[in-house]
Protein chains: 2
Amino acid sequence: MGNQKLYKGSLQTIILKLLESNDKMYGYEITQKVKELTKGELKITEGALYPALHKLEADGLLDVEVAKVGNRLRKYYKLTESGTKETANKLDEMQEFLRTMQQLVNPKLSLE
Amino acid sequence: MGNQKLYKGSLQTIILKLLESNDKMYGYEITQKVKELTKGELKITEGALYPALHKLEADGLLDVEVAKVGNRLRKYYKLTESGTKETANKLDEMQEFLRTMQQLVNPKLSLE
DNA sequence: CAAATATACATAATTTTCTTATACATAGAA
DNA sequence: TTCTATGTATAAGAAAATTATGTATATTTG
């Protein structure tokens with residue numbers, strides 16, 4: 001907590017992208033994967049993650065499948081068909097955002 | 001309206017960066033400059049812009065100077081000393097964000 | 001000349017998306 | 001046995017937008 005350098009709105013994109021790469025994942029696994037990929041720089045908090053997963057599911061972008069491992073619950077999420085499409089859209093939007101920020105922050109680069 | 005592709009939290013950085021490049025600007029001018037630099041892709045709405053300017057001013061990052069042009073008001077904003085420092089911080093954070101997103105979205109690239 | 005558009009500021013209600021704190025429960029390590 | 005890890009969840013509140021108005025002057029266009 002407290003070290004968040006993420007702009008708001010990017011969490012959905014991260015979740016979707018991870019599910020595109022990893023087929024199915026559960027919540028806790030996502031938090032660990034993000035920590036690993038960013039070498040600890042970024043920590044996804046549960047308070048942000050679970051509501052986001054629930055929303056993506058409610059919006060029909062994710063399917064959920066409950067598994068019991070030992071005596072504990074896991075909820076595996078995977079992309080639906082429309083989730084796969086939306087992932088592509090979100091990634092495009094992110095590229096667009098990066099380009100836009102580049103134009104604003106370093107206009108010289110876009111002249112050539 | 002409606003075409004916003006900005007992640008929340010990036011508007012402050014944009015404003016600060018523009019003021020770093022242009023010394024002093026007024027609100028409407030900022031909206032036009034952003035439109036120009038992004039070739040119309042990005043439109044800063046007043047409902048976001050003016051509260052953001054007021055907050056930056058309240059936080060001591062901007063100074064304001066009211067000018068009368070014809071019969072109309074203009075409020076010119078410029079960076080204070082601490083605003084200049086904060087601009088550097090915000091730009092660093094943005095670079096950090098870009099790197100983090102790169103690690104998450106295209107992990108292959110960060111291997112080399 | 002009238003009407004539409006551009007210039008210029010502002011705020012209020014609402015929504016989205018976080019942070020922070022709390023809660024519950026099992027499993028493993030110290 | 002206590003601390004940490006694993007695993008999910010929600011509630012209160014804050015931050016930062018969107019959307020919709022409101023007010024006023026200046027300019028362009030039909």
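Just so you know, these numbers use all the heavy atoms, side chains as well, and skip hydrogens, waters and symmetry mates. Chain letters run A, B, ... following the sequence lines, proteins first, then strands; residues in each count from 1.
- Atom CD in A:Glu46 sits roughly 14 Å away from atom C1' in C:dC18 (whole-Å rounding).
- Each of C:dT17, D:dT6, C:dT7 was ranked by its minimum atom distance to the side chain of A:Gln12; first place goes to C:dT17.
- We find that CD1 of B:Ile44 is positioned 16 Å from C1' of C:dA8, with the value rounded to whole Å.
- The two residues B:Ile15 and B:Ala52 have their closest heavy-atom pair at CD1-CB, 3.8 Å.
- Between B:Leu53 and B:Gly27 the shortest heavy-atom distance is CD1-CA, 4.0 Å.
- Taking both residues in full, the closest heavy atoms of A:Tyr77 and A:Leu19 are given as O-CD2, 3.2 Å, listed atom of the first, atom of the second, then distance.
- With the end axes of the helix from C:dC1-D:dG30 to C:dA30-D:dT1 each set by five pairs, the angle from one to the other reads 20° at 10° resolution.
- Using a 30° and 60° split on the angle between ring planes, B:Tyr76 and B:Tyr26 fall in the perpendicular class, above 60°.
- Remark: P of D:dA15 and CG of A:Leu6 are 18 Å apart, rounded to the nearest angstrom.
- Which of C:dT17, D:dA17, D:dA26 sits closest to the side chain of B:Arg72 comes down to D:dA26.
- Residue A:Gly47 is in base contact, counting any heavy-atom pair closer than 4.0 Å across all strands shown.
- Scanning all heavy atoms of the two residues, the minimum distance from B:Phe97 to A:Ser10 falls at CE1-OG, 3.8 Å.
- Residues forming a salt bridge (Lys or Arg N to Asp or Glu O under 4.0 Å) with A:Lys75 (at least two apart in sequence, or on another chain): none.
- Closest contact between the side chain of A:Lys8 and the listed nucleotides D:dT8, C:dA8, C:dC18 involves C:dC18.
- One interatomic measurement links the two molecules: CD of B:Gln32 to P of C:dA6, which rounds to 9 Å at whole-angstrom precision.
- Counting non-hydrogen atoms under 4.0 angstrom, B:Ser10 reaches the backbone sugars and phosphates but no base.
- Between the CG atom of A:Leu73 and the C1' atom of C:dA27 there is a distance of 14 Å, given to the nearest Å.
- Among C:dA27, C:dT19, C:dA8, the nucleotide with an atom closest to any side-chain atom of B:Tyr28 is C:dA8.
- In this structure, A:Lys43 places its NZ atom 17 Å from C1' of D:dT6, rounding to the nearest Å.
- Between the side chains of B:Gln95 and B:Asp92, not a single donor N or O lies within less than 3.5 Å of an accepting N or O.
- Of the residues near DNA chain C, A:Val69 and A:Tyr7, the one whose nearest nucleotide (by heavy atom distance) lies more toward the 5' end is A:Tyr7.
- Under a 4.0 Å N-O distance rule, the pair A:Glu96/A:Arg99 qualifies as a salt bridge.
- Here C:dT11 presents its P atom at 12 Å from CG of B:Leu49, a figure rounded to the nearest Å.
- A:Leu73 and A:Val64 sit in two unconnected hydrophobic clusters of ILVMFWY residues. Membership requires side-chain heavy atoms under 4.5 Å apart, directly or through other members.
- Side-chain atoms of B:Thr38 do not come within 3.5 Å of backbone N or O of A:Thr100 as any donor-acceptor pair.
- A heavy atom closer than 4.0 Å to some atom of DNA chain D occurs in A:Tyr50, A:Pro51, A:His54, these being the qualifying members of residues 50-66 of chain A.
- At whole-Å resolution of the value, CD1 in A:Ile30 and P in D:dG7 are 13 Å apart.
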